[in-house]
Undergrad: 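Please see the structure below; I have some questions.
When reading the values below, keep in mind they use all heavy atoms of this one structure, side chains included, and skip hydrogens, waters and symmetry mates. Order of appearance sets the numbers: ligands from 1, and atoms from 1 within every ligand.
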Amino acid sequence: MSELPSAPELPAETSRRRTFAIIAHPDAGKTTLTEKLLLYAGMIRTAGMVKNRKTGRMATSDWMAMEQERGISITASAMQFEYKGHIINVLDTPGHQDFSEDTYRTLTAADSAIMVLDASKGVETQTRKLFTACKLRGIPVLTFINKCDLPGRDPLELMTEVEEVLGIQASAMNWPVGMGREFAGIVDRASRDLLVFRKTAAGGAQRAEMMRIPLADARAAAQLGEVLAARMRNDLEMLEVAGNPFSHAAFLANQVTPVFFGSALTNFGIEPFYDAFIALAPAPGPRQATTLAGATIEIDPIRSPFSAYAFKIQANMDPRHRDSLAFVRIVSGRFERDLVVKHYHRGEFVREVRLSRPQTLVARDRTTLDLAYPGDVVGLVNSGFAIGDTIISQGGPAKDGFEHAPLPQFPPEVFARVRPLDLTKRKSFDRGMAQLASEGAVQVLRSWENPLGDPFIAAVGRLQFEVFQYRLRDEYGVETELSDLPYQCSGWLVGDVDAFKPTHGTLLAKDHRGKPVVLLPSEWDKRYCLSQNPGFQLVEIL
Ligand code: G4P
């Protein structure tokens, strides 16, 4: 494979990048923390009104001015900014009602994740699902235990819950001194300093003042008062004896999660967490890819030619730009405007294409991008790319191409039968279905027995159905009718399909790649079905 003349700045640009996602259950504080990362990076002057919580839209004048000035939107799929010499790429993982396959797929573009827990709630359902997806991809996770300014659960109990529910060791990097009203600050375990924070007059809208006092200094105890100081000494002693040690290698291997305590709202603990994050989180590294002949190769961010893959496609995001945008994550090499790349779809060469309208950060006023590096996310307009497609710039023959690891499919949890209301629109309906399925908007399944019957659609979250119906109407002029199907879980069948005996209430279907998938009414039915079909497996992620 021929190599591009390497860009001299490529190693430094790559090593200063941190591309990550924040994973959290709704309300744990993901938006607030994101906002504080922007505040501490100097991107916004005051925080506190970033999101209009009712509409979910950004509503602050400060924010909007910044958006216009710098072309950044927190609603965008990726935000980029600089903090202490590092380039931070935050990937948005939609939660709440928007939880969907996009949420999972976005994680494949991240090199690390920050897991935000609410100190009064601990590990919640959506945190668990997202954490599992990170673990499967080998993405290292840092934990931020938020809302320590409110009465919360015992810190030790929270650490144990992380270990037991998520199956990863938790290692406390700092420790809260007092919780709730008493929350006075944190102890940095490595330096043995007490970090005391003071809210500014504007509350959490501006950075909190931080004072660093060595624990051995008498001022530390004086600052806390006798009771808190004694409790802190006790906790620290116990952690020394019973706590898990931290090792950077174990963190990168997803065996241990460093745990930080703080409060995103009041900014207590934000700066030390941020600094630890840039020190610990990995820069973009090598990734495995598959050659067209099926061999596994390693793509190095610096030595390999430019390559990227599409992890998300979004269409018609802005009525003023009626187009579709492919979000590609750069894996290797330097990206330049007008670069000519080879496009690969499911392991086959498609065409050569010039990337002439690249965009960074989708905002109302899109900005055109000239240069980007490994770890960066670029938006490509009307590119004709599908989710999972790879692009490569290299001089050699097309057959020398490769594919980045195919994006996993996640087991859908909602299912419906879909048909056009007006049967004369069948052709447009079929076209729309094929397009939306290739974008990954929904998964399209057909009965194994009767593949020509009405298709089913399946998704991780209900919102995907609404978007699907809306887009069929808006873009293809087809009104559809959905009827819910009584399945709540699914799994891809591993074993001889002809010998499989569906149990009562289960359905054998075919996914868009022709693979067998079993739909089941409940987890109980899944276990029963497997007990009746020994030797078979129902796998959750393909
Ligand atoms: P999300 O994106 O993860 O869904 O959470 P978000 O940041 O929107 O935070 C959810 C709620 O928790 C918000 O309150 C937010 O102000 C609050 N919150 C976030 N971090 C902290 C913290 O460290 N301490 C305290 N005390 N609260 C925190 P809300 O009532 O939904 O919004 P608002 O009406 O107060 O703006």
Side-chain angles (χ1 to χ4, degrees), residues 20-40 44 46-63 73-77 79 90-100 102-103 106-107 113-131 134 141-153 155 158 174 176-186 195 197-200 202-208 210 259-274 277 461 463:
F20 68 101
I22 302 185
I23 59 173
H25 190 83
D27 272 353
K30 187 177 80 170
T31 311
T32 312
L33 181 66
T34 309
E35 190 188 12
K36 297 311 168 76
L37 297 182
L38 288 163
L39 178 74
Y40 276 80
I44 49 176
T46 52
M49 292 181 295
V50 165
K51 188 175 71 171
N52 177 322
R53 296 190 193 275
K54 294 229 166 62
T55 63
R57 297 233 160 76
M58 305 309 129
T60 150
S61 55
D62 192 23
W63 181 268
S73 159
I74 204 171
T75 49
S77 287
M79 272 188 291
V90 190
L91 304 171
D92 184 36
T93 45
H96 294 243
Q97 295 308 316
D98 305 345
F99 191 69
S100 68
D102 272 348
T103 311
T106 298
L107 292 177
I114 295 176
M115 175 168 75
V116 181
L117 303 181
D118 178 329
S120 68
K121 305 226 171 92
V123 178
E124 299 175 84
T125 24
Q126 226 170 81
T127 342
R128 191 171 43 74
K129 288 187 192 173
L130 289 164
F131 177 85
C134 288
V141 177
L142 296 99
T143 301
F144 184 77
I145 299 192
N146 191 30
K147 304 197 187 182
C148 290
D149 59 311
L150 294 177
R153 287 166 51 190
L158 287 164
N174 62 33
V177 184
M179 291 281 263
R181 277 171 175 276
E182 284 185 327
F183 185 44
I186 49 179
L195 309 182
F197 300 87
R198 203 175 16 232
K199 277 191 226 175
T200 55
Q206 267 154 30
R207 288 153 160 258
M210 185 175 90
V259 178
F260 300 82
F261 291 83
S263 154
L265 190 69
T266 59
N267 301 332
F268 284 25
I270 294 293
E271 194 173 355
F273 170 67
Y274 213 165
F277 166 74
L463 181 84

Undergrad: Hey, does Lys147 come in under 3.5 Å of ligand 1, counting only N/O atoms on both sides?
TA: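 Among all N and O atoms of Lys147, at least one is under 3.5 Å from an N or O of ligand 1.
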Undergrad: Going from CZ on Phe144 to CG on Asp118, what distance comes out if it is rounded to the nearest 0.5 angstrom?
TA: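 Spacing of CZ (Phe144) from CG (Asp118) equals 11.5 Å.
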Undergrad: Counting heavy atoms only, which part of Thr31 comes closer than 4.0 Å to ligand 1: side chain, backbone, both or neither?
TA: both
Undergrad: Indicate the atoms forming the closest heavy-atom contact of Lys147 with Asp27, along with that distance.
TA: NZ-O, 2.8 Å
Undergrad: Nearest 0.5 Å, please: how far is CG in Asn146 from OG1 in Thr32?
TA: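 These two atoms lie 7.0 Å from each other.
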Undergrad: Pairs of nitrogen or oxygen atoms closer than 3.5 Å, one from Ala24 and one from ligand 1: do any exist?
TA: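 Ala24 vs ligand 1: no N/O contact under 3.5 Å.
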Undergrad: Just jot down the ligand 1 atoms closer than 4.0 angstrom to any heavy atom of Ser263, in number order.
TA: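 Under 4.0 Å from Ser263, ligand 1 has these atoms: 22 (C), 23 (O), 24 (N).
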Undergrad: Give me the ring orientation class for Phe183 and Phe268: parallel if the planes are under 30° apart, tilted from 30 to 60°, perpendicular past 60°.
TA: tilted
Undergrad: Quick check on contacts: which atoms of ligand 1 are under 4.0 angstrom from a heavy atom of Lys30?
TA: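 Numbered from 1, ligand 1 contributes 1 (P), 2 (O), 3 (O), 5 (O), 7 (O).
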Undergrad: Measure up the Tyr40 and Tyr274 rings against each other and bin them: parallel (under 30°), tilted (30 to 60°), perpendicular (over 60°).
TA: perpendicular
Undergrad: Can you name the atoms of ligand 1, numbered from 1 with element, that are less than 4.0 Å from a heavy atom of Asp27?
TA: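 Taking each heavy atom of Asp27 in turn, ligand 1 has 1 (P), 3 (O), 4 (O), 5 (O), 10 (C), 12 (O) under 4.0 Å.
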Undergrad: For atom 22 (C) of ligand 1, which of the options Leu265, Ile145, Ile23 provides the nearest non-hydrogen atom?
TA: Leu265
Undergrad: Looking at Leu150, which atoms of ligand 1 are within less than 4.0 Å of one of its heavy atoms?
TA: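 Counting atoms of ligand 1 from 1, those under 4.0 Å from Leu150 are 25 (C), 26 (N).
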Undergrad: Could you tell me if the ring centre of Phe277 sits under 6.0 Å from that of Phe20?
TA: yes
Undergrad: Under 4.0 Å, heavy-atom basis, I'd like to know which part of Asp149 is in contact with ligand 1: side chain, backbone, both or neither.
TA: side chain
Undergrad: I'd like to check which ligand 1 atoms, numbered from 1 as shown, lie under 4.0 Å from a non-hydrogen atom of Pro26.
TA: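 Close to Pro26: 4 (O).
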Undergrad: Could you name the option among Thr32, Ile22, Thr34 that has the heavy atom nearest to atom 7 (O) of ligand 1?
TA: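 Checking each option, the heavy atom nearest atom 7 (O) of ligand 1 is found in Thr32.
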Undergrad: For the atom pair CD1 (Ile270) and CG (Leu39), what is the distance rounded to the nearest 0.5 Å?
TA: 9.0 Å
Undergrad: Looking only at non-hydrogen atoms, find the nearest pair between Ile186 and Pro176 and report the distance.
TA: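 Answer, listing the atom of Ile186 first, then Pro176: CG2-CA, 4.0 Å.
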Undergrad: Is Ala264 in polar range of ligand 1, meaning some N or O pair under 3.5 Å apart?
TA: yes
